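In what follows, a structure is listed as structure tokens, so that the remarks can point back to it.
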Amino acid sequence: MGQHQLPQTMKAAVMTEPGRIIIEEQAVPKPAEDEVLIQVMAVGVCGSDVHYFEHGRIGRFVVEKPIILGHECAGIVAAVGSNVSRLKAGDRVAIEPGVTCGRCTACKEGRYNLCPDVQFLATPPVDGAFVQYMTIREDMVFPIPDHLSFEEAAMNEPFSVGIHAARRSKLAPGTTLAIMGMGPVGLMAVAAAKSFGVDKIIVTDLEEVRLEAARRMGATHTINVRNEDAQTVIRELTNGIGVDTAWETAGNPKALQSALYSLRRGGKLAIVGLPAQDEIALNVPFIADNEVDIYGIFRYANTYPAGIEFLSSGEHDVLSLITDRYSLDETQQAMERALHNKSGSLKVMVYPNGM
């Protein structure tokens with residue numbers, strides 16, 4: 001197992017309370033028989049990490065004791081459990097962060113993202129990836145080609161959300177798509193839509209720097225909603241018909257309403273972003289009259305191999321989205337940077353074992 005070369009202890013960035021992260025020394029975990037030990041090389045900061053850092057909760061998930069955040073991750077297999085056959089020490093890998101039970105109805109149907117017993121990294125009470133080493137079950141770990149960087153492999157997690165949205169909303173080549181909100185998930189959704197061969201990808205945001213990044217990812221038209229009306233522009237771009245599909249990725253009620261009204265009759269709406277409040281007014285007669293199909297999007301399932309393939313193709317310049325890089329010792333600053341989202345900042349990345 002090569003365990004003898006491993007260090008006994010490691011650094012972990014622990015959130016002791018909302019807004020406060022300290023660096024602790026912890027024992028390097030030992031993999032169970034069906035697990036692998038990963039030396040974590042890159043971890044992206046996600047909106048949910050920021051939410052826990054700021055508020056200590058997301059809906060029914062509440063931080064009740066110290067927790068390690070971070071779930072968008074990639075690294076190197078450092079050791080394997082006795083029953084692991086697919087992987088070996090030294091393999092470069094991307095990590096899918098949700099370990100599911102494999103036995104419930106949702107898992108059996110292949111919709112394992114809906115497993116009620118999922119152990120998802122950095123979702124209380126499960127610790128995440130802001131550590132030098134972590135263990136995870138073998139089936140959640142996917143080899144990556146040598147030319148794919150650890151950063152790109154970590155970005156397969158938000159990219160997977162876009163792939164899942166594309167599959168759920170039956171995205172097809174030659175169609176038109178509007179995406180509302182160009183945060184990191186929205187930007188990776190643009191890349192996913194491009195991989196699916198969408199003809200027109202129209203995106204909206206308030207920040208010019210994000211719209212510029214969206215163009216790099218493959219958006220064909222960008223709308224700055226500070227000074228343009230999204231509906232009007234989308235109607236103009238689609239000969240007055242509206243788009244085939246719209247995705248809301250910002251978790252903004254206005255953006256969700258805008259996404260709905262951008263659709264053609266018989267169009268499809270995917271809700272990717274989670275708003276702060278539970279209830280949002282939507283025009284029900286409009287939904288019924290136009291036979292709008294609405295899809296809820298919760299994480300992803302069966303997307304990692306496709307995502308790695310798409311990202312390995314070299315078609316997507318996802319590295320250009322990483323604007324801020326921090327060591328594990330600087331996790332507090334990394335979280336604050338992502339929280340305050342200064343202009344020009346797109347994606348924050350942490351490197352637990354050095355850059």
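A quick note: this is a predicted structure, and the numbers were derived from the prediction, not measured.
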Starting from the C-alpha separation in whole Å, work towards a yes-or-no answer on side chain to side chain donor-acceptor pair (under 3.5 Å) for Ser195 and His316. CA-CA 9 Å; Ser195 294; His316 307 295; 2.7 Å; yes

Angle class for the Phe286/Tyr261 ring planes (parallel below 30°, perpendicular above 60°, tilted otherwise)? perpendicular

Begin with the C-alpha distance, continue with both residues' side-chain angles, and end with the deciding distance and a verdict on side chain to side chain contact (heavy atoms under 4.5 Å, CB included) for Leu282 and Leu256. CA-CA 8 Å; Leu282 284 178; Leu256 184 60; 4.2 Å; yes

I'd like to know whether Arg20 forms a side chain to side chain contact (heavy atoms under 4.5 Å, CB included) with Phe53, so could you lay out the CA-CA distance, the side-chain angles of the two residues, the decisive distance to 0.1 Å, and finally the verdict. CA-CA 8 Å; Arg20 182 165 183 262; Phe53 180 72; over 6 Å; no

Looking at Phe120, I'd like to know if the NZ or CZ of Arg299 sits under 6.0 Å from its six-membered ring centre while staying within 45 degrees of the ring's axis. yes

Modelled atom types, side-chain donor and acceptor of Glu96 and Tyr300, under 3.5 Å: no

Looking just at side-chain N and O atoms, do Ser149 and Glu152 make a donor-acceptor pair shorter than 3.5 Å? yes

Using a cut-off of 6.0 Å, state whether more than 12 heavy atoms not belonging to Glu291 lie near its atom CD. no

For a 4.5 angstrom cut-off between non-hydrogen side-chain atoms, does Val225 reach Asp205? no

Begin from the C-alpha positions of Asp289 and Arg265 and carry the test salt bridge (Lys or Arg N to Asp or Glu O under 4.0 Å) through to its verdict. CA-CA 8 Å; Asp289 182 56; Arg265 290 178 69 92; 3.4 Å; yes

Do Lys347 side-chain atoms and Gly183 backbone N/O form a donor-acceptor pair below 3.5 Å? no

Tell me whether Arg337 is salt-bridged to Asp324, with the criterion being a basic N under 4.0 Å from an acidic carboxylate O. yes

Side-chain contact, heavy-atom cut-off 4.5 Å: Val99 with Val118? no

Under 4.5 Å between any side-chain heavy atoms of Lys108 and Thr105, yes or no? no

Just wondering, more than 12 heavy atoms not from Glu309 lying within 6.0 Å of its CD? no

Salt bridge Arg103-Asp117, side-chain N to carboxylate O under 4.0 Å: no

Any side-chain heavy atom of Leu69 sitting closer than 4.5 Å to one from Met335? yes

Quick check: do Leu311 and Val318 have side-chain heavy atoms less than 4.5 Å from each other? yes

All heavy atoms of Ala42 vs all of Pro352, minimum pair found to be N-CD, 4.1 Å

Between the main-chain N or O of Cys101 and the side-chain N or O of Tyr112, is there a donor-acceptor pair closer than 3.5 Å? no

Go through the steps to decide whether Asn283 and Gln257 satisfy the test side chain to side chain contact (heavy atoms under 4.5 Å, CB included), and finish with yes or no. CA-CA 8 Å; Asn283 185 333; Gln257 289 157 346; over 6 Å; no

Using distance alone, with no hydrogens and no angle criterion, decide if Arg325 and Tyr351 have a side-chain donor and acceptor under 3.5 Å apart. yes

Less than 6.0 Å separating the ring centroids of His164 and Phe298? no

Check for a donor-acceptor pair, side chain of Asp49 on one end and backbone N or O of Cys46 on the other, with a separation under 3.5 Å. yes

For Lys194, does the NZ atom sit with more than 12 other heavy atoms under 6.0 Å from it, leaving out its own atoms? yes

Quick check with a 6.0 Å cut-off and a 45 degree axis cone: is Arg57 positioned over the face of Tyr52's six-membered ring? no

Salt bridge check, Glu208 against Arg215: does any charged N sit closer than 4.0 Å to a carboxylate O? yes

Value for CG (Leu177) from OG1 (Thr220), rounded to nearest 0.5 Å, stands at 9.0 Å

Is it true that a side-chain atom of Glu72 and a backbone atom of Val43 form a donor plus acceptor pair closer than 3.5 Å? no

Assess whether side chain to side chain contact (heavy atoms under 4.5 Å, CB included) is satisfied between Val203 and Ile223, documenting all intermediate values. CA-CA 6 Å; Val203 305; Ile223 303 168; over 6 Å; no

Do Lys268 and Asp244 sit within salt-bridge range, that is, some charged N less than 4.0 Å from a carboxylate O? no

